[in-house]
2 protein chains.
Amino acid sequence: MAMQGNVTIKTVAQETGLSLTTVSRVLNGTAEKYRISEATQAAVLAEAKKQGYIPNMAAKTLRLNKSRTIGLIVPTLNNPFFSLVASTVSKLLYAQGYVVLMSDCANDPEEERKLIKTFLTQNIEGILAIPVGGRKNYELLEKGGVPTVFIDRFFEESKIPYVATDHFDSAFKLMEHLVEHGHTLIACIQGDVQTISNQYRVKGYLEALKKHNIGYSYLKGGSFTTDEGYLETKILLKQSQKPTAIMALSDTILLGALKAIREEGMSIPEDISVVSIDNSSYLDFLSVPITSVSHPITEITQLAIKMLLDQMGANQASAPTNIVLEAKLIARKSVQYIP
Amino acid sequence: MAMQGNVTIKTVAQETGLSLTTVSRVLNGTAEKYRISEATQAAVLAEAKKQGYIPNMAAKTLRLNKSRTIGLIVPTLNNPFFSLVASTVSKLLYAQGYVVLMSDCANDPEEERKLIKTFLTQNIEGILAIPVGGRKNYELLEKGGVPTVFIDRFFEESKIPYVATDHFDSAFKLMEHLVEHGHTLIACIQGDVQTISNQYRVKGYLEALKKHNIGYSYLKGGSFTTDEGYLETKILLKQSQKPTAIMALSDTILLGALKAIREEGMSIPEDISVVSIDNSSYLDFLSVPITSVSHPITEITQLAIKMLLDQMGANQASAPTNIVLEAKLIARKSVQYIP
DNA sequence: CTGAAAGCGCTAACAA
DNA sequence: TTGTTAGCGCTTTCAG
């Protein structure tokens with residue numbers, strides 16, 4: 001039974017003839033603690049229900065300086081990998097009684113910077129982020145303003161802890177797989193160069209080349225998008241010396257590469273081998289199932305959430321331990337054996 | 001230069017020797033309006049910067065009863081269709097100075113109900129929702145508590161306005177396409193039966209059957225998931241009377257159907273034709289490009305946002321006009337002509 | 001077992 | 001051009 005005007009503990013108090021204090025206590029479940037009589041409790045609850053009382057979080061937040069709000073920053077929600085993170089974060093945190101302010105910074109570091117400022121405004125209790133720009137954006141947070149945990153990406157010298165995949169190893173594993181299959185002409189299409197995830201993957205590529213004394217190398221690209229994958233692969237396949245294998249550093253890039261390969265009339269794996277990082281669920285449904293490396297993204301997210309909640313609970317900033325999980329190679333049908 | 005303790009307009013006022021009012025006015029850009037001197041303005045701004053002042057939204061919200069916060073409810077973020085909506089909402093609303101509380105209700109109506117309650121607690125100014133459960137969950141909002149707009153799904157008798165695709169027409173168009181290609185044995189794998197989007201699509205299926213006097217009909221399934229699509233297609237393909245075409249009522253369902261079809265050793269479109277609704281970007285990269293129907297989801301989202309902002313602006317509840325957009329058939333290679 | 005009153009940070013009458 | 005003050009809704013000492 002909603003009433004006109006605003007229903008507050010005050011209106012409930014007036015109607016029941018009780019004090020604000022008592023009403024507040026009953027409505028917050030601290031009735032037992034203060035030994036409030038059953039009768040009073042019942043009266044408050046009944047009146048609150050009758051009036052359709054809804055607590056005002058802004059007031060609570062102002063008073064308690066705790067908002068039960070967590071901020072999540074993702075490069076974009078329009079990418080299965082990130083939206084899976086977002087989905088997990090949302091569900092798990094709501095279950096813990098938190099509310100999540102979520103934002104898609106459109107892969108724009110400037111946007112990210114503004115977002116953090118906005119979040120700081122919102123009495124947020126913690127931040128989870130997949131960073132997009134440089135460490136500079138997170139300076140304010142490093143100073144301990146708000147507990148923060150990075151997911152899958154991070155800054156090496158930063159104090160902000162992270163849970164991430166071993167990106168170096170991801171690429172390295174794929175390279176070993178290719179080399180074992182006799183490939184030496186391996187091209188790599190990378191994503192956003194400023195991201196640590198990309199940097200480590202590239203290191204894995206280069207390190208494998210070095211380990212096996214492979215002279216050929218081809219490294220191009222600059223964003224984790226299908227368009228970029230398409231364009232770079234187009235260019236790559238026009239080269240006089242064609243590679244025998246392509247490693248796409250993400251599945252978004254992969255999709256573009258596949259389109260380019262098809263347009264050039266080439267078959268996988270007969271004409272060219274292809275591998276990727278991410279192991280998205282749709283890889284199984286492509287014309288040729290693609291060998292990929294699976295990142296335990298749900299687990300990473302769960303751990304990051306746990307780490308954040310721990311940080312928030314700790315009254316003293318305990319030294320956080322970064323966590324790095326290993327990826328798993330999923331061999332499918334996209335790599336040809338070259339004798 | 002962050003200070004210890006909390007920086008507020010009070011600390012800034014003390015340090016500058018000015019009043020709270022003046023500081024507030026300068027910091028809110030109303031300095032001109034009150035003809036505050038350049039010198040004062042500069043002093044306030046400098047001190048605020050020096051102290052590292054960050055506005056406290058909880059206090060602002062409490063005082064102004066406006067939070068600049070919008071709530072978004074999606075069935076799940078782990079679905080490209082919904083996460084595209086989320087991405088668009090996030091970007092567009094942040095650009096307008098809003099912050100968005102986003103939540104994945106895991107396709108659970110009960111979860112949705114709780115979420116709405118939680119949102120109501122958060123002094124939210126408006127809600128965008130892709131509803132999951134029944135109309136009952138939105139009762140409180142219908143009463144005008146908070147301006148709300150539905151995206152792509154809705155309730156017929158509800159006062160809450162919506163922007164949606166013409167789901168009936170989507171399915172109907174696909175059916176016409178199949179019938180034109182000589183199909184009469186057409187199976188339909190549906191999604192969540194309680195959603196209006198599914199209901200209209202099914203109506204489109206049945207209506208087309210009726211129009212063309214087709215006796216055969218096969219309607220199964222109950223959720224917009226790949227697993228469901230897989231299982232139902234598995235079962236379907238074991239039937240003695242096999243269909244010549246399958247219509248998947250979403251791309252998630254489609255992916256599962258494709259897997260089942262491949263496992264049964266059938267080829268598309270030679271052994272069976274397949275069409276779907278959604279036209280996800282990856283359809284172009286599948287072994288056989290799938291004929292589908294494209295929903296203008298970004299446009300729908302944009303319109304819904306506009307509608308919501310209008311609603312929020314209107315001091316009197318102007319009668320909202322629902323918007324229904326038409327989908328477009330994208331013919332690819334997955335439908336065989338049957339003479 | 002219950003209440004009075006102060007105050008979280010901010011804005012907007014109303015005064016000057 | 002600037003300041004005083006009340007109060008948004010809530011919790012929490014401190015006091016019965």
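The basis for the numbers below is simple: all heavy atoms, side chains too, and nothing from hydrogens, waters or symmetry mates. Being a predicted model, the structure only gives us computed values, none of them experimental. So that the names make sense, note that chain A is the first sequence line, chain B the second, and so on, each numbered from 1.
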Original post:
So, is B/Y53 near the phosphate of C/dC10, with a side-chain N or O under 4.0 Å from OP1 or OP2?
Top reply: yes
**OP:** Name the nucleic acid region contacted by A/N65, choosing base, sugar-phosphate or nothing; use a 4.0 angstrom heavy-atom cut-off, strictly under.
**Re:** nothing
Original post:
Rounded to the Å, how far apart are A/Q41 CD and C/dT2 C1'?
Top reply: 13 Å
**OP:** Please state how far atom CZ in B/R25 lies from atom P in D/dT1, giving the value in whole angstrom units.
**Re:** 12 Å
**OP:** Check each residue of residues 11-21 of chain A for a non-hydrogen atom within less than 4.0 Å of any atom in DNA chain C, then write out the ones that pass by number, or none.
**Re:** A/G17, A/L18, A/S19, A/T21
Original post:
Does the B/S19 side chain pair with the main chain of B/T22, one donor and one acceptor, at a distance under 3.5 Å?
Top reply: yes
Original post:
Which of these passes side-chain hydrogen bond (donor to acceptor under 3.5 Å, both in side chains) with A/D152: A/T165, A/T301, A/T195?
Top reply: A/T165
**OP:** Give a yes or no on whether a salt bridge exists between B/E125 and B/K66, defined as a side-chain N under 4.0 angstrom from a carboxylate O.
**Re:** no
**OP:** Indicate, with yes or no, if the rings of A/F155 and A/Y162 have centres closer together than 6.0 Å.
**Re:** no
Original post:
Has B/N6 got a side-chain N or O lying under 4.0 Å from the OP1 or OP2 atom of C/dG9?
Top reply: yes
Original post:
What is the distance, rounded to the nearest whole Å, between atom CG of A/L62 and atom C1' of D/dT12?
Top reply: 14 Å
Subject >> Phosphate-side-chain proximity, A/T22 and C/dG3, N/O vs OP1/OP2 below 4.0 Å >> reply: yes
**OP:** Starting at atom CD1 of A/I9, determine the distance to atom P of D/dG9, rounded to an integer number of angstrom.
**Re:** 10 Å
Original post:
Taking only side-chain nitrogens and oxygens of A/T40, does any of them come within less than 4.0 Å of OP1 or OP2 of C/dT2?
Top reply: yes
**OP:** Could you state the atom-to-atom distance from CG of A/L64 to C1' of D/dG9 in whole Å?
**Re:** 11 Å
**OP:** Answer yes if the ring centres of A/F224 and A/F81 are under 6.0 angstrom apart, and no otherwise.
**Re:** no
Original post:
Does B/S37 make a side-chain N or O approach to OP1 or OP2 of D/dT2 shorter than 4.0 Å?
Top reply: yes
Subject >> Under-4.0 Å salt bridge between B/R135 and B/E142 >> reply: yes
